[in-house]
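Take a look at the structure set out below.
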Amino acid sequence: MASSDALLPISAREEDPLLSDGSRSDPNAETHGRRRPVKGLLAVTFGLFFIAFYVALIATHDGSRSNDVKFESDGTATTASRARLAGVSEKGNDQLWKLSGDRNTVAFSWNNSMLSWQRTAFHFQPEQNWMNDPNGPLFYKGWYHFFYQYNPNAAVWGDIVWGHAVSKDLIHWVHLPLAMVADQWYDANGVWTGSATFLEDGSIVMLYTGSTDKSVQVQNLAYPEDLNDPLLLKWVKFSGNPVLVPPPGILPKDFRDPTTAWKTSAGKWRITIGSKINRTGISLVYDTTDFKTYEKLDTLLHKVPNTGMWECVDFYPVSKTLVKGLDTSVNGPDVKHIVKASMDDTRIDHYAIGTYFDSNGTWIPDDPTIDVGISTSLRYDYGKFYASKTFYDQNKGRRILWGWIGESDSESADVQKGWSSLQGIPRTVVLDTKTGKNLVQWPVDEVKSLRLSSKKFNMEVGPGSLVKIDVGSAAQLDIEAEFEIKKESLDKILGDASVAAEAEEFSCQKSGGSTVRGALGPFGFSVLAHESLSEQTPVYFYVAKGKDSKLKTFFCTDSSRSSFANDVVKPVYGSSVPVLEGEKLTMRILVDHSIVEAFGQGGRACITSRVYPTKAIYGAAKLFLFNNAIDATITASFNVWQMNSAFIHPYSEEAVRALSRT
Amino acid sequence: MMKTMMMMAMMMGVAMGDIVDKTCKQTPDYSLCLSLLRSDPRSSSADTVGLGLILVDKIKALGTETLGQINMAYKTKPMLKKPLDECNLRYKTIVDVDVHTAIIAIRGNPKFAEGAIVDAGVEASVCEGGFPKGQSPITGLTQKMNKICDVTRAIVRMLL
């Protein structure tokens, strides 16, 4: 589709702030202040109008952008301001979405060039076909092991078995043969998700869910055939499987995803398994000494009404004081416990921080108003991220989080390109010792080994500016940035009573995306952006004034204009993010073709997005810095690295040997 | 005929308070849901999974019918070859891929069935959207597909 937007003049300025009586000169301004969101219908109408307009102008358009970037000698840049129409594709909360309003006059088709670009360079994915949940991650004899739900036959879910891969550094992987297949009656309909536990003697047990030949969910035990094989190529299923079947009161399809076990003070092993009773999500607790026979506790680890089925429950300790990971069995006064569950109803992962009572295997949240699974409760990630699972990395004393990143495109495209789904870059997880109220995640340090050339930038960016950042190829990037709003801008806005508070109503999802201009935001980067900005994915901060005159900061990714394609989901994702006194605003972005992972304020808010540009691909993908604020000038200080491929190898002994040498 | 059937179905539903009636009340299109399910004799003894499978069958049948219409349109409207090609691809995905995934997932892990059914609606809409305004030979079928997918999705969500 033609990019009529490139020719639009500035239109977003609402009113003259110098009006002495503070009155609104624009009778159409929203009552909640200077921000005027463009209504969806208006956007569609404008869109259609400007398609016609563009067609008329196409003969005179010489292809040059209407904003020229000029760098002053001190490194600041000036650009012509521009306002852009809001995106037109909307995704509802329930994942229902409608076709975008800007209909093509020609059918949009994916071609192989566009599709093959989508494959990532340094994220874990099998060579082809479908993947979902991470399974049984562990570190053993020098290797990180990763297992995953895999369909060996198609690029859609089905025929699920356990894939397997190993790495020395969580980044450079070599694929191994399938670890477990559906060869028993108790997992005939699927070898589903499970977790690993290390026993005191250093051996490993794996508990996993099998979907039986009658589609009943049961728990099974498996272990490595040969503990002397560092690659753990072969796995043996316990002859007495299943070790657990749905208990009375639990339906046969509400019993799956056993956790890593932890030691109780009584010396037993304890696991938890998610389930539901009517619409109440629950987590069942079992004790065992040998992983073969279990006693079910009468108490539940926890339950929350109206949250539906809890999948992929995870339960682990975090230190209150130290920035390090803890073995799953650690307990004590300096420790809090995290309960996390994946909500089947909404496909969102939620967690809460609380206190674990070992004597009866229960846990209560610190803040019941944001209990696990309640829509406002904390999330590891405010974008596309599900079925996540942590493990304790005894190699480096870290707790590491894996998350399944599904596709946001159509199944025809998945079938055409021959694959579906990624894993996020593994993240370390710790309690935020500064706030005590949330976790902090960060890409594992080893990802830095992929950094190639870097460029450093320092610039002041005025309101309504767009700066092209010349970094060469822009589809594989690591960006670390620090932003500061100039004090004069902040003081002015805070002191100006006519600037109404909007923080209470603002949300990334509902406030119209990155084109909606506020006093103090949005500002950030636009990644995978076409020169003409017809396709772009802004990642940004939006700072809003609150009723108490304090500032509230939001961190968002706006994929609404990421692609012309009308068969992909293009939401605006994000959340508010705590910013403490004296902190600058920081963000990190990993760009890897069709995945963008954004980390706000050191990992206090994380957003994973899938994007499928049709034009902003290969050499045409660019990087921009932007400041769409109406009043604030910001200073941005950032580093951009080109990222190498991780060269994930198919299975061969040679590939394994090569990795062993690193 | 349709009306009579529907009347009968509704009276039966009211009289028996049966699962079909209760289920259809929780979908966005009660009367469509009733007519689709009642037209299949298996519905009288089906559980929610069974009702979902009946509707997935309807999606498959409608998809197949639409593929037939697409094929015919190549001859009657050759200038629409490009959008027809796209529709061919999209509807093959519905019939071969979405339906298959929905069937296996409904029994085991219904959220994947929900995804497949939502996708079927998307594929149908995208196909329709590829025709210049007013020139689609299958608009009625697209609308029907979207409605059936909405109802089917609602039923599958009851299994979550």
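Keep in mind the model is a prediction, meaning the values are calculated, not measured. Just so we're on the same page: letters track the sequence lines, and every chain starts at 1.
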Quick check on B/N109 against chain A: is it the side chain, the backbone, both or neither that has a heavy atom closer than 4.5 Å? both
Check the orientation of A/W130 and B/F112. Use parallel for under 30°, tilted for 30 to 60°, and perpendicular for over 60°. perpendicular
Please look at A/N132 and chain B and tell me whether the side chain, the backbone, both or neither of the residue comes under 4.5 angstrom of a heavy atom of that chain. side chain
Salt bridge or not for A/R347 and B/E114, using N-O below 4.0 Å? yes
Heavy atoms of other groups near A/K303 NZ, more than 12 under 6.0 Å: no
Residue B/K144 excluded, over 12 heavy atoms near NZ under 6.0 Å: no
Heavy atoms from other residues, nucleotides or ligands near CG of A/D183 exceed 12 (cutoff 6.0 Å): yes
To the nearest 0.5 Å, atom CD1 of B/I104 lies from atom CG of A/N189 at 9.0 Å
Counting heavy atoms not belonging to B/K60, are there more than 12 under 6.0 Å from its NZ? no
How long is the gap from CG on A/D414 to CG on B/D119, to the nearest 0.5 Å? 8.0 Å
Segment of A/D344 engaging chain B (4.5 angstrom heavy-atom cut-off): both
Determine, for B/R90 against A/D567, whether the closest basic-nitrogen to carboxylate-oxygen distance falls under 4.0 angstrom. yes
Rounded to the nearest 0.5 Å, how far does NZ of A/K253 lie from CG of B/L160? 12.5 Å
Go through the steps for B/K111 and A/Y386 under the test side-chain contact (heavy atoms from CB on, under 4.5 Å), then give the verdict. CA-CA 12 Å; B/K111 70 174 181 288; A/Y386 193 64; 3.7 Å; yes
Working to the nearest 0.5 angstrom, can you tell me the gap between B/R157 CZ and A/D345 CG? 5.5 Å
With respect to A/V415, which candidate in B/V97, B/L89, B/D96 satisfies the side-chain contact (heavy atoms from CB on, under 4.5 Å) definition? B/V97
If only side-chain N and O atoms count, and only distance matters, is there a donor-acceptor pair under 3.5 Å linking A/S412 with B/E123? yes
pair B/D98-A/E411: side-chain heavy atoms closer than 4.5 Å: yes
